[in-house]
Amino acid sequence: MRQSKLFVPTLKETPADATVASHVLLLRAGYLRPLAAGIYSYLPLFQRVIRKVERIIREEMAAIGAQEFFLPALHPAEIWKESGRWEVMGDNMFRLKDRGGRDMCLGMTHEEIFTAIARDELRSYRQLPQVWYQIQTKFRDEARPKSGVLRVRQFTMKDAYSFDLDQPGLDKSFEDERRAYCRIFERCGLSYVAVDAHSGAMGGSASTEFMVRTDAGEDDVVHCASCGYAANVERGESRGPSSAAKGGVAGPTKAFPTPGVKTIEDLARPPHGKPPEQQLKTLVYWADGALVIAVVRGDDELNEAKLQTASGAQVLRPAHPEEIQAALGARPGSLGAVGVRAGEQEKIRRIFVDRTLAGLSGMVTGANEDGFHLEGVDVARDLAQGTLADLRKARAGERCPRCEAGALDVYKALEVGHIFKLGTKYSEALGAQVLDAQGKEIPIVMGSYGIGVERIAAAAVELHHDADGIRWPASIAPFHLSLLPLQQQDAAVAQAAEKLYEDLGAAGIEALLDDRDERPGVKFKDADLVGLPFRIAIGKKSLAEGKVEWKARGDAQAELVPLAEIVSKAKQALGKAGAFSIVG
RNA sequence: CGGGGAGUGGCUCAGCCUGGUAGAGCACUUGGUUCGGGACCAAGGGGUCGCAGGUUCAAAUCCUGUCUCCCCGACCA
């Protein structure tokens, strides 16, 4: 491609409202332009990157026998109502009505649609397993789009679905997919970690997320360097707080006045002086229409995902102050679970107590009367109606739940892929069944596997860039190398560049020929910004000696290479860098 | 949804407090000189100051409302 014909609107200055590296650089280097919050136009360079990522994905999907579909983005409400997710998805779903007033939505994911096809078409166990996928635009009305293309409202996803007869079949499909994901991320130049994850609104029994470590990410990963244990903090466990709980003196519970005390910190200060480790934090949640209580230690944070798992709730949110007041008779700040009855007929459905609290006594908690707290609380005695569960958020420095030695590290990461063992949740909801070998009708066992295409590209930029611009992995760079005639007006230079451009093309190398009549400095700057993995510069001085300059994007020094050898050198370097497709 | 910030030429921003006919740098056009790390000189083109009301002789500037964007949080396969 000739740069004079390619639309690459580079920016000298950093756009004011971009903060993360990938956002800044993709805008500056002429890959992206915003249309609205979380909605971007992909300019020619970005489109090429996306195509390359998709190609790698297609190759790896083909390698595990997956078949590509293309499904509608516009869905009728009925199918989402069948699975129950018309409600579950809430405000995150873009909804609209057609001219006849029928409810429609834009697809956020495609379990329902693929499952409907399976239901309508799959009849026999002989047709299984099937692995179906598509690469489609997804729509999610994110509450807060941010960080350029990292969190958006319209994006491209590869989503695959497996249909198996039984659990062992699903296990195999899941493992195939997991390995394909590893190859995809490796080929795209991403270092990543596969972690245990929370399944959230997807449901299902197990899920693994693929995370790229970067401060631009929005998830926290709990990781043990000793044994490799890794989990999303939503799921992450630990052997408990590093500071021991400070139980007070055992004895009967006793109320004491605490006027004005609203927080754990208030109660820790004089005149009360109850350290957070000795306090019980009581939180009330609304879970599928009922209220539940979660109790964690005063210095711990409740992990909502864990509460969701423990309670089995589909929809979970903090209860409103009015709801809390009506149920417990006090406002947040003076809440406690002691003496609260739980059950189907009660105002509180269930009480969950973090398992690290088991056996503690002499604790302090709210008295369910504004301005009063209780001391001398014995968890086993006074919270016996509660269910012990892992509820607390694991923290850095705590001991690894899996190995004896390790201490946990917590870091920011970006989710680039997520694979789920769905089981029969969707096949049962939508009635997707087949006859097994005994002629019995059984629900299909499903898995679902997603990859964010733009996120792969953006993650690559987050991981590979410097002060001058992007440093694309060769496999997904929009072109293989920049070809820079430094003096476009010099006939010898221009001709040599043209000849080399043709030779490179004939060798299967994608060169971006900067044939613009620009000064060398401009070409160097733009080339660094755009970030192709290699650069060939043709200057008149070295050309007179029959040489051109070769440089990898990250190298400090260029190397002079005889013109006759440059094509084979380029081919070799690109091959080594993984620029060429396996099947290509 | 809560908190904070910002909307002035394509981009980055000044002007607003203290109202008086809209500016700079970059980018763009033309001519000239340049030509190995975002050149220089000269001459140009381009802006309903987000939008709608209001106050005033007069509003980018003051007031009210509203929209949009960004950041933090809540939320989120």
Side-chain angles (χ1 to χ4, degrees), chain A residues 9-20 23-24 27-30 33-39 83 85 88-93 107-112 138-148 150-153 155 157-161 197-204 207-210 218-219 232 234 304-305 308 315-318 320 415-422 425-426 447-452 455 467-469 484-490 493 514 516-529 535 537-543 548-549 551 556 558:
Chain A
T10 56
L11 266 24
K12 265 190 197 176
E13 287 172 288
T14 301
D17 46 17
T19 49
V20 303
H23 190 198
V24 169
L27 288 172
R28 275 196 65 206
R33 285 297 181 263
L35 179 63
I39 305 177
S83 71
R85 293 206 293 181
V88 172
M89 291 308 192
D91 290 339
N92 251 22
M93 180 180 261
M108 354 186 9
T109 173
H110 283 73
E111 278 77 13
E112 281 78 358
K138 308 285 181 185
F139 299 88
R140 292 183 190 180
D141 195 0
E142 286 284 346
R144 183 148 102 79
K146 58 181 284 199
S147 305
L150 291 182
R151 175 140 155 204
V152 288
R153 297 195 291 174
F155 60 100
M157 173 179 276
K158 186 287 305 183
D159 49 323
Y161 304 84
H198 177 66
S199 299
M202 295 294 300
S207 85
T208 297
E209 277 175 328
F210 293 84
E218 313 194 81
D219 286 289
N232 191 308
E234 291 178 341
E304 288 189 14
Q308 184 170 22
V315 180
L316 186 75
R317 63 161 170 81
H320 300 144
E415 176 188 356
V416 289
H418 199 161
I419 60 180
F420 300 85
K421 287 186 181 175
L422 295 177
K425 170 175 168 150
Y426 295 90
S448 146
Y449 316 91
I451 277 189
R455 276 194 180 178
D468 294 318
L484 308 182
L486 297 178
Q487 298 85 16
Q488 187 67 33
Q489 334 70 18
D490 184 286
V493 169
D514 193 348
R516 298 174 301 166
D517 187 13
E518 290 286 357
R519 301 161 58 84
V522 173
K523 295 190 178 186
F524 286 137
K525 287 289 186 191
D526 271 351
D528 286 347
L529 191 55
R535 179 184 92 187
I538 306 177
K540 55 185 173 188
K541 273 187 208 153
S542 47
L543 183 64
V548 294
E549 241 174 57
K551 185 169 106 57

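These figures come from a predicted structure and were not determined experimentally. In what follows, every chain begins at residue 1, and chains take the letters A, B, ... in the order their sequences are listed.
Among the nucleotides B:C75, B:C69, B:C71, the one closest to any side-chain atom of A:T19 is B:C71.
Rounded to whole angstrom, the span from the CD atom of A:Q308 across to the C1' atom of B:C76 amounts to 11 Å. A:R33 places its CZ atom 18 Å from the P atom of B:C69, with the value rounded to the nearest Å. Rounded to an integer number of Å, the gap from CE of A:M93 to P of B:C76 is 15 Å. In this structure, A:E142 atom CD and B:C1 atom P are separated by 15 Å, rounded to whole Å. The distance from atom CZ of A:R151 to atom P of B:C69 is 15 Å, rounded to the nearest whole Å. Computed from coordinates, the A:H23 NE2 to B:C11 C1' distance equals 14 Å when rounded to whole Å. Here B:G9 presents its P atom at 14 Å from CD of A:E13, a figure rounded to the nearest Å. A straight line from CD of A:E218 to P of B:C72 spans 9 Å, rounded to a whole angstrom.
At distances below 3.5 Å, not a single donor-acceptor pair connects side-chain atoms of A:K540 with backbone N or O atoms of A:D490.
Going from the P atom of B:U68 to that of B:G23 covers 32 Å, rounded to whole Å. Here the separation of B:A60 from B:U56, taken at their C1' atoms, is 16 Å to the nearest Å. Only the C1' atoms considered, B:A39 is 14 Å distant from B:C26, to the nearest whole Å. Atom name C1', nucleotides B:C16 and B:C49: the rounded distance is 11 Å, in whole Å. Annotation: B:G73 and B:U29 have their C1' atoms spaced 48 Å apart (nearest Å). Nucleotides B:A52 and B:G31, compared at atom C1', are 46 Å apart to the nearest Å. For B:C69 and B:U8, the P atoms lie 14 Å apart once the distance is rounded to whole Å. Atom name C1', nucleotides B:A14 and B:C71: the rounded distance is 23 Å, in whole Å.
Residues A:L316 and A:G38 each lie close to RNA chain B; by heavy-atom proximity, the contact nearer the 5' end of the strand is made by A:G38. Each of A:D159 and A:D17 was assigned the nucleotide of RNA chain B with the nearest heavy atom; the assignment lying further toward the 5' end belongs to A:D17.
The two atoms that bring A:R455 and A:L150 nearest to each other are NE-O, 2.8 Å, heavy atoms only. For the residue pair A:R28 and A:L529, the shortest heavy atom distance occurs at O-CD2, 3.6 Å. Closest of all the heavy-atom pairs between A:H418 and A:F210 is N-CD1, 4.5 Å.
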**Complete:** Per-nucleotide protein contact along nucleotides 32-43 of chain B, 5' to 3', at a 4.0 Å heavy-atom cut-off (B base, S sugar-phosphate only, - neither), is --BBBBBB----

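By the 4.0 Å N-to-carboxylate-O rule, A:K425 lies too far from A:E111 to be salt-bridged with it.
A donor-acceptor contact under 3.5 angstrom links the side chains of A:H110 and A:K138, judged on distance only.
If you check B:G73 for Watson-Crick or wobble pairing at under 3.5 angstrom, you find it paired to B:C1. Checking B:U18 for Watson-Crick or G-U wobble geometry (two distances, each under 3.5 Å) identifies no partner in any strand. With both pairing distances under 3.5 Å, B:C26 is matched to B:G10 as a Watson-Crick or G-U wobble pair. B:U34: no Watson-Crick or G-U partner with both key distances under 3.5 Å is found in any strand. Using Watson-Crick or G-U wobble geometry with both donor-acceptor distances under 3.5 Å, B:A52 finds its partner in B:U64.
Within the nucleic acid shown, A:A143 comes within 4.0 Å of at least one base atom, counting heavy atoms only. The residue A:P15 sits close only to the backbone: its heavy atoms come under 4.0 Å of sugar-phosphate atoms, none of a base. When heavy atoms are screened at a 4.0 angstrom cut-off, A:R144 is found touching base atoms of the nucleic acid. Nucleic acid contact for A:Q488: none, since no nucleic acid atom lies under 4.0 Å from a heavy atom of the residue.
A distance of 7.5 Å separates CZ of A:F420 from CD of A:E209, quoted to the nearest 0.5 Å. Within the model, atoms CD of A:E518 and CD of A:Q488 stand 10.5 Å from one another, a figure rounded to the nearest 0.5 Å. Note: A:K541 NZ to A:E549 CD = 11.0 Å, rounded to the nearest 0.5 Å.
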